[in-house]
Amino acid sequence: MSIRTTTRAVLGARLRPAGGLRSATGLLGGFAATSAAHLGAILSGTSALRHATKPALMPLLAAHSVTAAATAEREAPKLLAPALLLSAGGDVLLQLKNDTAFLAGMGSFAAAHVCYVTMFVRRGALTDRRRALVVAAAYATAWAGMIGQLWPDLGDLQVPVAGYSLLLASTAVTSAGLGWRTGLGGALFLLSDTLIATQLAKWRELPGHQFWIMATYILAQYLLASGTLRAEEQRA
């Protein structure tokens with residue numbers, strides 16, 4: 001092999017990760033900017049911007065996650081992008097504001113949680129059984145208390161909300177087994193959807209209720225995605 005060929009090969013190996021890093025950083029910046037624009041639109045009441053930015057959030061995070069993993073010369077967990085894209089489908093459907101779309105959106109999010117739970121379990125989230133049982137008992141208590149309080153006010157949505165929230169709690173339990181970052185993400189996801197459930201039950205809303213729903217949701221998804229990638233890095 002000639003010196004020129006060897007030099008090109010070495011430079012190419014150096015430039016590919018650098019280009020990938022710029023792409024991953026740019027996608028993360030796009031996700032952060034879109035998140036800020038969306039939350040700002042909620043606060044300002046700009047419905048057009050709010051509806052335009054929401055569907056872009058999770059695809060940007062999914063693209064960033066896949067690109068960041070590739071930059072580190074690893075493959076992103078196969079269920080991470082589907083979990084985020086199914087969440088994006090739920091985001092779109094919930095914007096349609098009718099009962100059929102709401103149930104379909106809930107189904108899309110339920111499928112996303114199945115992806116998350118499966119992914120976390122495959123990565124050893126339940127290896128420490130004693131810790132997993134303690135965490136599961138804590139979330140089961142919280143879930144039972146939440147459903148018990150909301151149940152009388154949910155009407156026809158009692159069973160769908162109870163079933164979906166059980167899947168959501170399962171994500172919270174299994175995410176805790178992968179590290180503090182994913183554990184916090186799972187807890188915030190549960191908090192975000194609990195705030196939605198209080199809306200469905202027509203409870204009194206917090207000041208800036210919709211802002212807190214989306215702020216906790218966006219942060220939850222980022223922590224779940226980045227925490228999963230960090231756990232993969234530690235395993236490698």
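In this structure, OG in Ser192 is found 7.0 Å from CE in Met214, a value given to the nearest 0.5 Å. If you take CG on Leu190 and CG on Leu168, they are separated by 4.5 Å, rounding to the nearest 0.5 Å. We find the CG-CG distance between Leu126 and Leu178 to be 10.5 Å, quoted to the nearest 0.5 Å. Note: Gln95 CD to Ser47 OG = 10.0 Å, rounded to the nearest 0.5 Å. To the nearest 0.5 angstrom, Lys78 atom NZ is 14.0 Å from Thr118 atom OG1. Taken to the nearest 0.5 Å, the CG atom of Leu154 stands 11.5 Å off from the CD atom of Gln149.
For the pair Ile196/Tyr217, no side-chain contact is recorded, criterion being any heavy-atom separation below 4.5 Å from C-beta on. The shortest side-chain heavy-atom distance between Val66 and Leu80 does not fall under the 4.5 Å cut-off. Between Lys202 and Asp153, the closest side-chain pair of non-hydrogen atoms is not below 4.5 Å. In this structure, the side chains of His113 and Ser170 stay at 4.5 Å or more apart for every pair of heavy atoms. Between Leu28 and Thr67 there is no side-chain heavy-atom pair separated by less than 4.5 Å. In this structure, the side chains of Tyr164 and Met106 come closer than 4.5 Å at one or more pairs of heavy atoms. With a 4.5 Å cut-off on side-chain heavy atoms, Phe102 and Lys97 do not count as touching. Counting heavy atoms from C-beta outward, Leu195 and His209 have side chains that approach closer than 4.5 Å.
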Leu103/Leu157 under side chain to side chain contact (heavy atoms under 4.5 Å, CB included): CA gap, chis, key distance, verdict: CA-CA 9 Å; Leu103 291 174; Leu157 293 174; 3.9 Å; yes
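Between Tyr116 and Phe120, the angle of the ring planes stays under 30°, which puts this pair in the parallel group of the 30/60° scheme.
Two different hydrophobic clusters hold Leu93 and Val161 under the rule that ILVMFWY side chains link at heavy-atom gaps under 4.5 Å. Follow the hydrophobic side-chain contacts under 4.5 Å out from Leu84 and you never reach Val114; the two are in separate clusters. Residue Trp151 is grouped with residue Leu166 when hydrophobic side chains (ILVMFWY) are merged at heavy-atom distances under 4.5 angstrom, including chains of intermediate members. Linking Ile, Leu, Val, Met, Phe, Trp and Tyr whenever their side-chain heavy atoms come within less than 4.5 Å puts Trp212 and Leu200 in one cluster. Linking ILVMFWY residues whenever their side-chain heavy atoms come closer than 4.5 Å, directly or via other members, leaves Leu229 and Val117 in distinct clusters.
Environment of CZ in Arg123: crowded, with over 12 heavy atoms of neighbouring residues, nucleotides or ligands closer than 6.0 Å.
Grouping Ile, Leu, Val, Met, Phe, Trp and Tyr residues whose side-chain heavy atoms lie under 4.5 Å apart, directly or via other members, leaves Leu86 alone, with no other cluster members.
Listed here is the closest heavy atom pair of Thr171 and Thr174: O-OG1, 3.3 Å.
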